[in-house]
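Heads up: the structure comes next, in structure tokens.
No experiment lies behind these values; they were computed from the predicted model shown.
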Amino acid sequence: MLLQLGLVALAGAVWLFLGGQVGWVDSATSDHWGPLALKLSLGCLTGGVLLRMILPVGRKLRGSRCARCDHPTEPGHLYCRDHMKKAMDELRDQTREGMVGGRGTR
């Protein structure tokens, strides 16, 4: 989002500079707001790039968490032990009900 804001501000700054040269915008307005828009756009673009680089590192440092309860899990696991056991029990029960009801897996 910050990158898009930076790109919009950059487009506005370019428009102000070109508009001041061509005559679409008063040159005093262009001279006053153009550098401010350029600084804003560069700040937003820099912040957006930094956030794009920092956020994935933060996720890696945080470690893996359970998708249901947000407790820490073992590396590579989607669920904690309790929720994994519950999911396996539910799958086993569904498989048994399917076999008993005549809708076997074969």
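Using a 4.5 Å cut-off between side-chain heavy atoms of Ile, Leu, Val, Met, Phe, Trp and Tyr, Met1 forms no hydrophobic cluster with any other residue.
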Show every donor-acceptor pair shorter than 3.5 Å between a side-chain atom in residues 37-57 and any protein atom, with sequence neighbours excluded, or say none if there are none.
residue	atom	partner	partner atom	Å
Ser41	OG	Ala37	O	3.3
Ser41	OG	Leu38	O	2.7
Thr46	OG1	Leu42	O	2.7

Which atom pairs, one a donor and one an acceptor, fall under 3.5 Å between side chains of residues 79-89 and the rest of the protein, sequence neighbours left out?
residue	atom	partner	partner atom	Å
Arg81	NE	Glu74	OE2	3.3
Arg81	NH2	Glu74	OE2	2.4
Lys85	NZ	Asp89	OD2	3.1
Asp89	OD1	Arg92	NH1	3.0

Between side-chain atoms of residues 8-32 and protein atoms elsewhere (two or more places apart, or another chain), which donor-acceptor pairs fall under 3.5 Å?
residue	atom	partner	partner atom	Å
Ser30	OG	Leu16	O	2.8

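What you find for Ser64 and Gly76 is that their closest heavy atoms are OG-N, 4.4 Å.
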